[in-house]
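To start, the structure under review is shown below, and the notes come after it.
Please read these numbers as outputs of a predicted model, since none were measured by experiment. The analysis underlying the following values was restricted to heavy atoms, covering all of them including side chains, and did not include hydrogens, waters or symmetry mates. Order of listing sets the numbers, starting from 1, for every ligand and every atom in it. All residue numbers refer to positions in the sequence shown, counting from 1.
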Amino acid sequence: MSNPTRQPLETCPSCGCPDLFIRKDFPQKIGLLIVVIAALVFLILASNPHTFYLGAWVLVGAAVVDALLYCFVPKITICYRCRAEFRDVPLHPRHGGFELSVAEKYRQ
Ligand SMILES: [Zn+2]
């Protein structure tokens, strides 16, 4: 449950860094798992001419599931310096996606 009274982060609560970016909180492992399972199911079904098309639909279905997943995953705020992730805060309108030029400032 998100708290509506919470303010967007101006600085990182962990290290005080003023540079934060926003990215999708996409579960990479789940995305990969869907692709791997769909590929395996396709290979099994495609080995039989009678179920070949079924296999093709499994691939299409997996792509759709991945796309839907991507649409519905929440966006999270991340600190450039300490890479802390903040899920329960509103997004700050000033924050954008990851920028390499900003990240370079914080490389050790
Ligand atoms: Zn930080």
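Residues passing the salt bridge (charged side-chain N to carboxylate O under 4.0 Å, His left out) test with Arg94, sequence neighbours excluded: Glu10. A search for salt bridge (charged side-chain N to carboxylate O under 4.0 Å, His left out) contacts involving Arg23 returns Glu85, not counting sequence neighbours.
By the 6.0 Å contact criterion, CZ on Arg107 is open, its count of non-hydrogen atoms from other residues, nucleotides or ligands being 12 or less.
Only protein N, O or S atoms were considered, and those under 2.8 Å from the Zn ion (ligand 1) are Cys12 SG, Cys15 SG, Cys79 SG, Cys82 SG.
The aromatic rings of Phe21 and Phe98 lie perpendicular to each other, with more than 60° between the two planes, well past the 30° mark.
In this structure, Val35 stands alone, with no Ile, Leu, Val, Met, Phe, Trp or Tyr side-chain heavy atom under 4.5 Å from its own, directly or through other members.
Between Lys105 and Asp19, at least one side-chain nitrogen of the basic residue sits less than 4.0 Å from a carboxylate oxygen of the acidic one, meeting the salt-bridge criterion.
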